[in-house]
Amino acid sequence: MAVQVELLKSIAYFSGLPLTELALLKNFIFVKTADKGGIVLFEGEPAEVLYFVVSGVVKVFKTSADGKEQTLYFIRPDESFNDVSVLVSGRNMASAGALVPAVLYGIRKDDLEAVIRDYPQVARNVIRVLSQKVERLVSLVEDLSFRHVAGRVAKILLEYTGDGVGQKPRLTQQEMAAIAGTAREMIGRALKVMEEEGTVRLERQRIVIMDKEALKEMAGVAT
Amino acid sequence: MVEMPLIDREKCNGCGLCIRVCYCQALVLVDNVVTVIETEECGWCTQCEAVCPTNAISCPFEIVIEEE
């Protein structure tokens, strides 16, 4: 499978570059395919490659010492991952695996540095991409430090509790994220933690509150 | 009748990511729009909703208190 210039055009790193330059840049890029569930990057290993998703979805995640997995982002077509690790830290800051069969374009650290040096437009694009990532991380920090997401999710669950006859609206995780002012991934994570703690039970189409008092405490609601 | 994830046909861009993430083959592309096939295999994993770039798929939850 060869790298296609047409596909490079829609990647933010290469936006605004003429086709002639993209045709030259193509030589630095290689194709990598990953099967569903295939690991592309391991956290902690030397950061050697920056990847762009061409098709499929890649999950970027961290694994805790006790083996628990935390999803950080889903990377969709035209988006990149492992940027910060390659440009700064030298080690992969998170692991990445294909959620569905994926086609990726990769560029090695040395080649990326040469491209940034030789193509000012790419350097400007990199600044923009990294700024957007910083923005995303700042909102994540806000979530984690100022207002504990689990507390907000607990509050939403209490507010939207129905009696099973449909007098309260049903909520998607996307809608809960919008209400809580956070990313959908954070809602999934909070619900998983609550389930592990035995506060709620996730069923098909139902979130069953098993310990209302614990939920109230989490939400900071006086009992 | 099994309730299935809801598709907003107007929002669906036919990218097919949800089809590939679905473990029970409950989603297919018809005329470039995702269509749901009813199946009891669907466990409401919500991965289709999670990967959809246009928020065209909804997997709503009812929130209830555990009965004693």
Side-chain angles (χ1 to χ4, degrees), chain A residues 35-37 53 55-59 71 73-79 98-102 153-154 156-178 183-185 187-188 191 198-213 215, chain B:
Chain A
D35 294 331
K36 184 174 181 168
V53 175
S55 69
V57 182
V58 168
K59 179 174 78 173
T71 301
Y73 311 111
F74 288 126
I75 312 292
R76 299 189 179 86
D78 298 336
E79 295 176 343
L99 211 56
V100 298
V153 175
I156 292 168
L157 294 180
L158 291 167
E159 277 174 16
Y160 285 84
T161 304
D163 59 4
V165 293
Q167 98 285 18
K168 287 271 184 175
R170 298 194 305 166
L171 289 180
T172 65
Q173 291 189 32
Q174 191 69 51
E175 286 161 342
M176 287 183 218
R184 189 192 183 283
E185 288 89 335
I187 301 294
L191 289 172
T199 317
V200 301
R201 186 175 68 240
L202 296 179
E203 292 180 356
R204 190 175 196 274
Q205 301 175 310
R206 291 208 319 173
I207 297 169
V208 183
I209 297 173
M210 296 166 72
D211 189 342
K212 194 175 177 184
E213 292 311 312
L215 215 56
Chain B
M1 194 177 139
V2 186
E3 195 174 340
M4 298 296 291
L6 309 166
I7 312 286
D8 184 333
R9 295 176 59 87
E10 296 291 313
K11 286 187 183 171
C12 176
N13 67 2
C15 73
L17 289 177
C18 55
I19 294 170
R20 292 202 276 162
V21 85
C22 178
Y23 68 86
C24 62
Q25 285 88 46
L27 301 165
V28 289
L29 215 52
V30 178
D31 295 331
N32 214 34
V33 172
V34 165
T35 306
V36 177
I37 301 168
E38 206 179 296
T39 169
E40 293 196 357
E41 296 293 306
C42 171
W44 219 250
C45 71
T46 78
Q47 289 283 25
C48 53
E49 181 191 284
V51 300
C52 178
T54 59
N55 294 331
I57 305 185
S58 306
C59 303
F61 285 91
E62 185 180 20
I63 301 157
V64 295
I65 303 270
E66 170 119 283
E67 285 173 25
E68 296 297 326

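Lettering of chains follows the sequences in order, A, B, ..., and the numbering in each one begins at 1.
Heavy atoms closer than 4.5 Å to chain B are found nowhere in A/Lys59, neither backbone nor side chain. Of the two parts of B/Cys42, the backbone and the side chain both hold a non-hydrogen atom closer than 4.5 Å to a non-hydrogen atom of chain A. When heavy atoms are compared at a cutoff of 4.5 Å, B/Cys18 does not approach chain A at all. If you measure heavy-atom distances from A/Glu175 to chain B, you find no contacts under 4.5 Å at all.
For the atom pair CG (A/Leu99) and CD (B/Gln47), the distance works out to 5.0 Å, reported to the nearest 0.5 Å.
In terms of heavy-atom proximity, A/Lys36 sits nearest to B/Val21 at NZ-O, 3.8 Å. Shortest non-hydrogen contact noted between B/Ile63 and A/Leu157 is CG2-O, 3.5 Å. A pairwise comparison of heavy atoms in B/Leu17 and A/Pro77 identifies CD1-CD, 4.1 Å as the closest pair. Contact detail for A/Arg76 and B/Cys52: the closest heavy-atom pair is NH2-O, 4.1 Å. The nearest pair of heavy atoms linking B/Pro60 to A/Arg170 is CG-NH2, 3.5 Å.
By the 4.5 Å heavy-atom criterion applied to side chains, B/Phe61 and A/Gln173 are counted as neighbours. Side-chain contact check for A/Ser55 versus B/Arg20: some heavy-atom pair is nearer than 4.5 Å.
Within a 6.0 Å radius of CG in B/Asp8, more than 12 heavy atoms belonging to other residues, nucleotides or ligands are found.
Contact count versus chain B (heavy atoms, under 4.5 Å) is highest, among A/Leu202, A/Val100, A/Ile207, for A/Ile207. The candidate from A/Met176, A/Glu203, A/Arg201 with the greatest count of non-hydrogen atom pairs under 4.5 Å with chain B is A/Arg201.
Without hydrogens or angle criteria, A/Arg204 side chain to B/Glu3 main chain gives a donor-acceptor distance under 3.5 Å. No donor-acceptor distance shorter than 3.5 angstrom exists from the side chain of A/Arg206 to the backbone of B/Val64, with no hydrogens or angles considered.
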| task | Please lay out, stage by stage, how A/Arg184 and B/Thr46 fare under the test side chain to side chain contact (heavy atoms under 4.5 Å, CB included). | result | CA-CA 11 Å; A/Arg184 189 192 183 283; B/Thr46 78; 3.1 Å; yes

